[in-house]
Amino acid sequence: MKRCYKCGQRAVVYLRQHRIAFCKEHYIEWYLKRLKETIKEFRMFDKEDKVLVAVSGGKDSLALWDALNRLGYKVDGLYIDLGIGEYSQKSKRVCQDFAKERSLRLNIVDLKREIGDIPTIKEVEKRPACSFCGQLKRYYMNSFAKKESYKAVATGHNLDDESATLLSNVLSWNMGYLSRQFPVLLEGDGFVRKVKPLFKFTEKENALYAFLSGINFVEEECPFAEGASSIEYKKILSSIEEKSPGTKLRFYMDFLRKLHPLLTQEKLQIKPCKLCQEPTTAEICSLCRLRERVRSKTLSSLSNS
Ligand code: AMP
Ligand code: FES
Ligand code: ZN
Ligand code: ZN
(Lines give C-alpha, C1' and ligand atoms only; values in the text may rest on other atoms or scores of the structure.)
(Ligands and ions follow the chains in the order given, each with its own letter.)
Protein backbone atom coordinates (compact mmCIF):
# COMPACT_ATOMS: atom_id res chain seq x y z
CA MET A 1 0.00 0.00 0.00
CA LYS A 2 1.34 3.43 -0.98
CA ARG A 3 1.15 6.29 1.50
CA CYS A 4 0.56 9.99 0.81
CA TYR A 5 3.88 11.73 0.62
CA LYS A 6 2.46 14.72 2.53
CA CYS A 7 0.43 13.24 5.39
CA GLY A 8 1.28 9.51 5.44
CA GLN A 9 -2.36 8.45 5.07
CA ARG A 10 -3.43 5.81 2.57
CA ALA A 11 -2.77 7.15 -0.95
CA VAL A 12 -5.45 7.11 -3.65
CA VAL A 13 -3.19 8.36 -6.44
CA TYR A 14 0.28 7.36 -7.58
CA LEU A 15 1.97 9.48 -10.25
CA ARG A 16 4.60 7.30 -11.87
CA GLN A 17 6.37 10.03 -13.81
CA HIS A 18 6.76 12.17 -10.66
CA ARG A 19 7.21 9.14 -8.36
CA ILE A 20 4.79 10.55 -5.77
CA ALA A 21 1.65 9.26 -4.09
CA PHE A 22 -1.15 11.36 -2.61
CA CYS A 23 -4.35 11.12 -0.62
CA LYS A 24 -7.37 12.90 -2.17
CA GLU A 25 -6.86 16.19 -0.32
CA HIS A 26 -3.14 16.44 -1.07
CA TYR A 27 -3.57 15.46 -4.73
CA ILE A 28 -5.99 18.38 -5.21
CA GLU A 29 -3.57 20.66 -3.35
CA TRP A 30 -0.67 19.50 -5.56
CA TYR A 31 -2.72 19.99 -8.75
CA LEU A 32 -3.84 23.52 -7.82
CA LYS A 33 -0.32 24.55 -6.80
CA ARG A 34 1.20 23.23 -10.02
CA LEU A 35 -1.46 24.99 -12.07
CA LYS A 36 -0.94 28.31 -10.28
CA GLU A 37 2.84 28.07 -10.76
CA THR A 38 2.46 27.26 -14.47
CA ILE A 39 0.22 30.30 -15.00
CA LYS A 40 2.82 32.50 -13.25
CA GLU A 41 5.85 30.93 -14.94
CA PHE A 42 4.39 31.50 -18.41
CA ARG A 43 2.75 34.84 -17.50
CA MET A 44 -0.59 33.68 -18.81
CA PHE A 45 -2.88 36.07 -16.90
CA ASP A 46 -3.33 37.74 -13.50
CA LYS A 47 -5.99 37.65 -10.82
CA GLU A 48 -7.60 40.85 -12.09
CA ASP A 49 -7.86 39.71 -15.74
CA LYS A 50 -11.20 38.54 -17.14
CA VAL A 51 -10.58 35.07 -18.63
CA LEU A 52 -12.83 33.04 -20.88
CA VAL A 53 -12.53 29.27 -20.42
CA ALA A 54 -13.62 27.32 -23.51
CA VAL A 55 -15.49 24.28 -22.19
CA SER A 56 -16.50 21.19 -24.11
CA GLY A 57 -18.12 19.32 -21.21
CA GLY A 58 -15.13 16.95 -21.06
CA LYS A 59 -12.85 16.33 -18.07
CA ASP A 60 -9.97 18.63 -19.09
CA SER A 61 -11.84 21.86 -19.71
CA LEU A 62 -14.19 21.43 -16.74
CA ALA A 63 -11.25 20.57 -14.46
CA LEU A 64 -9.60 23.77 -15.71
CA TRP A 65 -12.66 25.94 -15.11
CA ASP A 66 -13.16 24.47 -11.64
CA ALA A 67 -9.49 24.81 -10.65
CA LEU A 68 -9.16 28.40 -11.90
CA ASN A 69 -12.32 29.33 -10.03
CA ARG A 70 -11.00 27.72 -6.84
CA LEU A 71 -7.72 29.61 -7.24
CA GLY A 72 -9.68 32.88 -7.34
CA TYR A 73 -9.30 33.84 -11.01
CA LYS A 74 -12.12 35.71 -12.78
CA VAL A 75 -13.37 33.01 -15.11
CA ASP A 76 -16.46 32.74 -17.29
CA GLY A 77 -17.17 29.79 -19.58
CA LEU A 78 -17.86 29.54 -23.29
CA TYR A 79 -19.62 26.53 -24.78
CA ILE A 80 -19.85 26.30 -28.55
CA ASP A 81 -22.88 24.23 -29.47
CA LEU A 82 -21.73 22.27 -32.53
CA GLY A 83 -25.14 20.69 -33.11
CA ILE A 84 -23.78 17.11 -33.20
CA GLY A 85 -27.02 15.42 -32.09
CA GLU A 86 -27.23 13.82 -28.66
CA TYR A 87 -23.48 14.32 -28.05
CA SER A 88 -23.76 18.14 -28.19
CA GLN A 89 -27.01 18.26 -26.25
CA LYS A 90 -25.55 16.22 -23.41
CA SER A 91 -22.31 18.26 -23.35
CA LYS A 92 -24.27 21.51 -23.20
CA ARG A 93 -26.40 20.25 -20.31
CA VAL A 94 -23.31 19.14 -18.37
CA CYS A 95 -21.69 22.59 -18.81
CA GLN A 96 -24.90 24.38 -17.82
CA ASP A 97 -25.28 22.25 -14.67
CA PHE A 98 -21.62 22.77 -13.80
CA ALA A 99 -21.99 26.57 -14.08
CA LYS A 100 -25.25 26.65 -12.14
CA GLU A 101 -23.87 24.60 -9.23
CA ARG A 102 -20.98 27.05 -8.84
CA SER A 103 -22.86 30.25 -9.75
CA LEU A 104 -20.55 30.83 -12.71
CA ARG A 105 -21.43 32.54 -15.98
CA LEU A 106 -21.63 30.30 -19.04
CA ASN A 107 -21.85 31.88 -22.50
CA ILE A 108 -23.19 29.79 -25.36
CA VAL A 109 -22.52 30.24 -29.07
CA ASP A 110 -24.94 28.25 -31.21
CA LEU A 111 -23.21 27.22 -34.43
CA LYS A 112 -26.51 26.48 -36.12
CA ARG A 113 -27.53 30.14 -35.81
CA GLU A 114 -24.08 31.46 -36.74
CA ILE A 115 -23.28 29.36 -39.81
CA GLY A 116 -24.80 25.88 -39.64
CA ASP A 117 -24.31 22.83 -37.43
CA ILE A 118 -21.42 20.42 -38.05
CA PRO A 119 -23.52 17.76 -39.87
CA THR A 120 -24.82 20.48 -42.27
CA ILE A 121 -21.36 21.91 -42.91
CA LYS A 122 -20.06 18.38 -43.48
CA GLU A 123 -22.22 18.23 -46.60
CA VAL A 124 -20.34 21.08 -48.26
CA GLU A 125 -16.85 20.34 -46.91
CA LYS A 126 -14.40 17.71 -48.12
CA ARG A 127 -12.05 17.99 -45.13
CA PRO A 128 -12.62 15.67 -42.12
CA ALA A 129 -15.14 17.15 -39.65
CA CYS A 130 -12.50 17.47 -36.92
CA SER A 131 -10.28 19.74 -38.98
CA PHE A 132 -12.90 22.30 -40.04
CA CYS A 133 -14.57 22.00 -36.63
CA GLY A 134 -11.29 22.99 -34.93
CA GLN A 135 -11.08 26.02 -37.18
CA LEU A 136 -14.68 27.03 -36.40
CA LYS A 137 -14.11 26.68 -32.67
CA ARG A 138 -11.00 28.87 -32.81
CA TYR A 139 -12.89 31.49 -34.84
CA TYR A 140 -15.79 31.76 -32.38
CA MET A 141 -13.54 31.63 -29.31
CA ASN A 142 -11.60 34.58 -30.72
CA SER A 143 -14.52 36.66 -31.97
CA PHE A 144 -16.58 36.12 -28.80
CA ALA A 145 -13.68 36.91 -26.44
CA LYS A 146 -12.88 40.07 -28.38
CA LYS A 147 -16.47 41.26 -28.48
CA GLU A 148 -16.82 40.75 -24.71
CA SER A 149 -13.36 42.19 -23.88
CA TYR A 150 -11.80 39.12 -22.29
CA LYS A 151 -8.07 39.30 -21.64
CA ALA A 152 -7.46 35.68 -22.66
CA VAL A 153 -9.10 32.50 -23.86
CA ALA A 154 -8.05 29.39 -21.92
CA THR A 155 -8.48 25.91 -23.36
CA GLY A 156 -8.15 22.51 -21.69
CA HIS A 157 -5.40 21.13 -23.94
CA ASN A 158 -3.36 18.66 -21.89
CA LEU A 159 0.10 17.11 -22.12
CA ASP A 160 -1.19 14.19 -24.19
CA ASP A 161 -2.71 16.63 -26.73
CA GLU A 162 0.36 18.84 -26.87
CA SER A 163 2.94 16.06 -27.08
CA ALA A 164 0.92 14.28 -29.81
CA THR A 165 0.70 17.54 -31.79
CA LEU A 166 4.42 18.03 -31.30
CA LEU A 167 5.19 14.54 -32.54
CA SER A 168 3.03 15.11 -35.61
CA ASN A 169 4.69 18.49 -36.33
CA VAL A 170 8.15 16.96 -35.89
CA LEU A 171 7.39 14.03 -38.17
CA SER A 172 6.46 16.45 -40.94
CA TRP A 173 9.00 19.09 -39.84
CA ASN A 174 6.28 21.68 -40.08
CA MET A 175 8.36 24.68 -39.02
CA GLY A 176 5.42 27.14 -39.13
CA TYR A 177 3.33 25.01 -36.79
CA LEU A 178 6.34 24.27 -34.56
CA SER A 179 7.08 27.98 -34.13
CA ARG A 180 3.45 28.63 -33.14
CA GLN A 181 3.25 25.68 -30.75
CA PHE A 182 3.54 27.33 -27.34
CA PRO A 183 1.34 27.41 -24.20
CA VAL A 184 0.80 31.18 -24.58
CA LEU A 185 0.04 32.95 -27.84
CA LEU A 186 0.05 36.68 -27.28
CA GLU A 187 -2.70 39.02 -28.46
CA GLY A 188 -2.25 41.15 -31.58
CA ASP A 189 -3.33 41.48 -35.21
CA GLY A 190 -6.98 40.93 -34.20
CA PHE A 191 -6.26 37.81 -32.14
CA VAL A 192 -6.93 37.60 -28.41
CA ARG A 193 -4.40 35.96 -26.11
CA LYS A 194 -4.68 32.17 -26.05
CA VAL A 195 -3.42 30.06 -23.18
CA LYS A 196 -3.21 26.37 -22.34
CA PRO A 197 -2.76 26.27 -18.55
CA LEU A 198 -3.09 22.45 -18.36
CA PHE A 199 -0.28 21.65 -20.78
CA LYS A 200 1.87 20.08 -18.01
CA PHE A 201 -0.91 17.75 -16.84
CA THR A 202 -1.67 14.43 -18.49
CA GLU A 203 -5.18 13.45 -19.47
CA LYS A 204 -5.15 11.03 -16.54
CA GLU A 205 -4.12 13.70 -14.04
CA ASN A 206 -6.98 15.95 -15.20
CA ALA A 207 -9.43 13.05 -15.01
CA LEU A 208 -8.24 12.33 -11.45
CA TYR A 209 -8.69 15.96 -10.46
CA ALA A 210 -12.18 16.04 -12.00
CA PHE A 211 -13.16 12.75 -10.38
CA LEU A 212 -11.78 13.59 -6.92
CA SER A 213 -13.42 17.05 -7.04
CA GLY A 214 -16.80 15.53 -7.82
CA ILE A 215 -17.09 17.11 -11.27
CA ASN A 216 -19.64 15.53 -13.56
CA PHE A 217 -18.20 15.39 -17.09
CA VAL A 218 -19.01 13.83 -20.45
CA GLU A 219 -16.96 10.72 -21.11
CA GLU A 220 -18.02 10.10 -24.71
CA GLU A 221 -15.74 11.27 -27.49
CA CYS A 222 -17.13 13.26 -30.38
CA PRO A 223 -18.58 10.73 -32.88
CA PHE A 224 -16.45 12.29 -35.66
CA ALA A 225 -13.16 11.85 -33.74
CA GLU A 226 -12.76 8.21 -34.75
CA GLY A 227 -9.76 7.56 -36.96
CA ALA A 228 -8.12 10.95 -36.28
CA SER A 229 -4.32 10.68 -36.66
CA SER A 230 -3.80 12.41 -33.28
CA ILE A 231 -5.27 9.30 -31.61
CA GLU A 232 -2.52 7.16 -33.19
CA TYR A 233 0.21 9.55 -32.02
CA LYS A 234 -1.25 9.52 -28.51
CA LYS A 235 -1.17 5.72 -28.47
CA ILE A 236 2.46 5.64 -29.60
CA LEU A 237 3.55 8.15 -26.96
CA SER A 238 1.59 6.34 -24.25
CA SER A 239 3.28 3.05 -25.04
CA ILE A 240 6.70 4.73 -24.73
CA GLU A 241 5.53 6.41 -21.51
CA GLU A 242 4.51 3.02 -20.16
CA LYS A 243 8.09 1.74 -20.48
CA SER A 244 9.76 5.01 -19.58
CA PRO A 245 7.60 7.22 -17.32
CA GLY A 246 8.13 10.95 -17.78
CA THR A 247 8.84 10.76 -21.52
CA LYS A 248 5.87 12.88 -22.61
CA LEU A 249 6.64 15.66 -20.16
CA ARG A 250 10.36 15.64 -21.03
CA PHE A 251 9.65 15.57 -24.78
CA TYR A 252 7.39 18.61 -24.57
CA MET A 253 9.28 20.62 -21.92
CA ASP A 254 12.61 20.11 -23.69
CA PHE A 255 11.01 21.29 -26.93
CA LEU A 256 9.86 24.49 -25.17
CA ARG A 257 13.22 25.04 -23.49
CA LYS A 258 15.69 23.89 -26.16
CA LEU A 259 14.16 24.09 -29.61
CA HIS A 260 11.36 26.67 -29.50
CA PRO A 261 13.67 29.64 -28.67
CA LEU A 262 15.67 28.88 -31.85
CA LEU A 263 12.63 29.01 -34.12
CA THR A 264 11.78 32.25 -35.87
CA GLN A 265 8.16 33.12 -36.48
CA GLU A 266 7.36 33.84 -40.05
CA LYS A 267 5.57 37.21 -40.22
CA LEU A 268 2.21 36.60 -41.85
CA GLN A 269 0.34 39.40 -43.58
CA ILE A 270 -2.74 39.47 -41.37
CA LYS A 271 -5.62 41.86 -42.08
CA PRO A 272 -9.29 42.09 -41.10
CA CYS A 273 -11.74 40.09 -43.23
CA LYS A 274 -13.79 42.41 -45.46
CA LEU A 275 -17.02 40.80 -44.29
CA CYS A 276 -16.62 39.92 -40.61
CA GLN A 277 -13.46 41.87 -39.57
CA GLU A 278 -11.84 38.77 -38.04
CA PRO A 279 -8.12 38.35 -38.81
CA THR A 280 -7.16 36.53 -42.02
CA THR A 281 -4.42 36.39 -44.66
CA ALA A 282 -7.01 36.65 -47.49
CA GLU A 283 -9.52 39.36 -48.44
CA ILE A 284 -12.42 37.23 -47.21
CA CYS A 285 -11.72 34.80 -44.37
CA SER A 286 -12.23 31.07 -44.82
CA LEU A 287 -15.14 31.06 -42.39
CA CYS A 288 -17.08 33.67 -44.39
CA ARG A 289 -16.40 31.66 -47.57
CA LEU A 290 -17.65 28.51 -45.85
CA ARG A 291 -20.75 30.37 -44.61
CA GLU A 292 -21.50 31.37 -48.20
CA ARG A 293 -21.22 27.76 -49.39
CA VAL A 294 -23.54 26.54 -46.62
CA ARG A 295 -26.03 29.29 -47.55
CA SER A 296 -26.00 28.41 -51.27
CA LYS A 297 -26.44 24.72 -50.51
CA THR A 298 -29.39 25.43 -48.18
CA LEU A 299 -31.01 27.71 -50.78
CA SER A 300 -30.58 25.17 -53.58
CA SER A 301 -32.00 22.31 -51.51
CA LEU A 302 -34.97 24.54 -50.56
CA SER A 303 -35.68 25.39 -54.20
CA ASN A 304 -35.44 21.70 -55.18
CA SER A 305 -37.94 20.60 -52.57
P1 AMP B 1 -10.43 19.24 -28.58
O2 AMP B 1 -10.03 20.02 -29.78
O3 AMP B 1 -11.80 18.65 -28.69
O4 AMP B 1 -9.39 18.31 -28.08
O5 AMP B 1 -10.59 20.33 -27.43
C6 AMP B 1 -9.54 21.11 -27.00
C7 AMP B 1 -10.07 22.22 -26.14
O8 AMP B 1 -10.93 23.07 -26.91
C9 AMP B 1 -10.93 21.77 -24.97
O10 AMP B 1 -10.15 21.43 -23.85
C11 AMP B 1 -11.79 22.98 -24.72
O12 AMP B 1 -11.08 23.95 -23.97
C13 AMP B 1 -12.01 23.52 -26.12
N14 AMP B 1 -13.28 23.03 -26.70
C15 AMP B 1 -13.49 21.86 -27.34
N16 AMP B 1 -14.78 21.75 -27.74
C17 AMP B 1 -15.40 22.88 -27.35
C18 AMP B 1 -16.74 23.38 -27.45
N19 AMP B 1 -17.70 22.70 -28.06
N20 AMP B 1 -17.01 24.60 -26.93
C21 AMP B 1 -16.05 25.32 -26.33
N22 AMP B 1 -14.78 24.90 -26.20
C23 AMP B 1 -14.45 23.71 -26.68
FE1 FES C 1 -15.72 18.89 -33.72
FE2 FES C 1 -15.49 16.40 -33.37
S3 FES C 1 -16.03 17.34 -35.16
S4 FES C 1 -15.49 17.95 -31.86
ZN1 ZN D 1 -2.25 13.40 2.25
ZN1 ZN E 1 -14.83 36.69 -42.38
Side-chain angles (χ1 to χ4, degrees), residues 2-13 20-30 51-65 68 75-84 87-92 94-95 106-111 114-115 117-118 129-145 153-158 160-162 164-165 190 194-199 201 203 206 210 212 217-218 220-222 224-225 228 230-231 234 271-292:
K2 293 231 179 322
R3 297 205 164 268
C4 171
Y5 128 97
K6 266 267 165 108
C7 68
Q9 285 189 37
R10 188 195 175 96
V12 293
V13 175
I20 32 176
F22 289 115
C23 67
K24 172 180 161 178
E25 181 198 334
H26 289 120
Y27 177 71
I28 292 176
E29 185 186 278
W30 171 84
V51 176
L52 185 67
V53 185
V55 285
S56 63
K59 56 188 176 327
D60 303 292
S61 50
L62 289 183
L64 175 63
W65 197 8
L68 291 178
V75 275
D76 293 345
L78 171 69
Y79 175 73
I80 302 170
D81 188 346
L82 305 166
I84 309 177
Y87 167 73
S88 292
Q89 281 170 22
K90 187 171 170 191
S91 309
K92 182 161 110 183
V94 164
C95 292
L106 175 71
N107 304 284
I108 297 181
V109 167
D110 185 355
L111 216 58
E114 298 290 332
I115 170 167
D117 53 27
I118 296 289
C130 272
S131 78
F132 65 79
C133 172
Q135 193 181 13
L136 286 162
K137 284 190 280 201
R138 286 191 293 276
Y139 178 96
Y140 287 106
M141 283 174 200
N142 194 64
S143 58
F144 186 87
V153 174
T155 54
H157 289 95
N158 57 42
D160 297 68
D161 298 324
E162 293 308 292
T165 306
K194 283 190 210 77
V195 296
K196 297 175 181 173
L198 297 185
F199 78 94
F201 294 101
E203 207 171 285
N206 293 334
L212 295 174
F217 57 85
V218 178
E220 292 95 317
E221 286 282 331
C222 159
F224 295 121
S230 59
I231 298 180
K234 280 185 185 174
K271 52 195 167 194
C273 164
K274 287 231 162 88
L275 295 179
C276 71
Q277 316 307 319
E278 277 300 286
T280 174
T281 49
E283 293 297 306
I284 308 283
C285 78
S286 56
L287 199 118
C288 284
R289 280 180 277 150
L290 184 60
R291 189 186 289 114
E292 203 36 56

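Note that the numbering runs from 1 along the sequence shown for the chain. All ligand and atom numbering here is 1-based and tracks the order in the structure.
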To the nearest 10°, how many degrees is the angle C285 SG to the Zn ion (ligand 4) to C288 SG? 110°
When you compare the side chain of [Y] with that of [X], does any pair of heavy atoms fall below 4.5 Å?
{"X": "M141", "Y": "T155", "result": "yes"}
{"X": "L136", "Y": "Y139", "result": "no"}
{"X": "V153", "Y": "L78", "result": "no"}
{"X": "N142", "Y": "K194", "result": "yes"}
{"X": "Q9", "Y": "E25", "result": "no"}

Between I80 and F144, is a side chain to side chain contact (heavy atoms under 4.5 Å, CB included) present by the stated rule, with each step listed? CA-CA 10 Å; I80 302 170; F144 186 87; over 6 Å; no
Write none if no such pair exists; otherwise list each N/O atom of ligand 1 with its protein N/O partner under 3.5 Å and the distance.
unit_1, atom_1, unit_2, atom_2, d
ligand 1, 10 (O), G156, N, 3.0
ligand 1, 12 (O), A54, O, 2.5
ligand 1, 12 (O), G156, N, 2.9
ligand 1, 16 (N), K137, NZ, 3.4
ligand 1, 19 (N), I80, O, 2.9
ligand 1, 20 (N), V55, O, 3.2
ligand 1, 20 (N), I80, N, 2.9

Report the atom name of the nearest N/O/S atom of H26 relative to the Zn ion (ligand 3).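 Result: ND1.
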Check this for me: does any side-chain nitrogen of one of K92 and D81 sit under 4.0 Å from a carboxylate oxygen of the other?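 Result for this pair is yes, salt bridge flagged.
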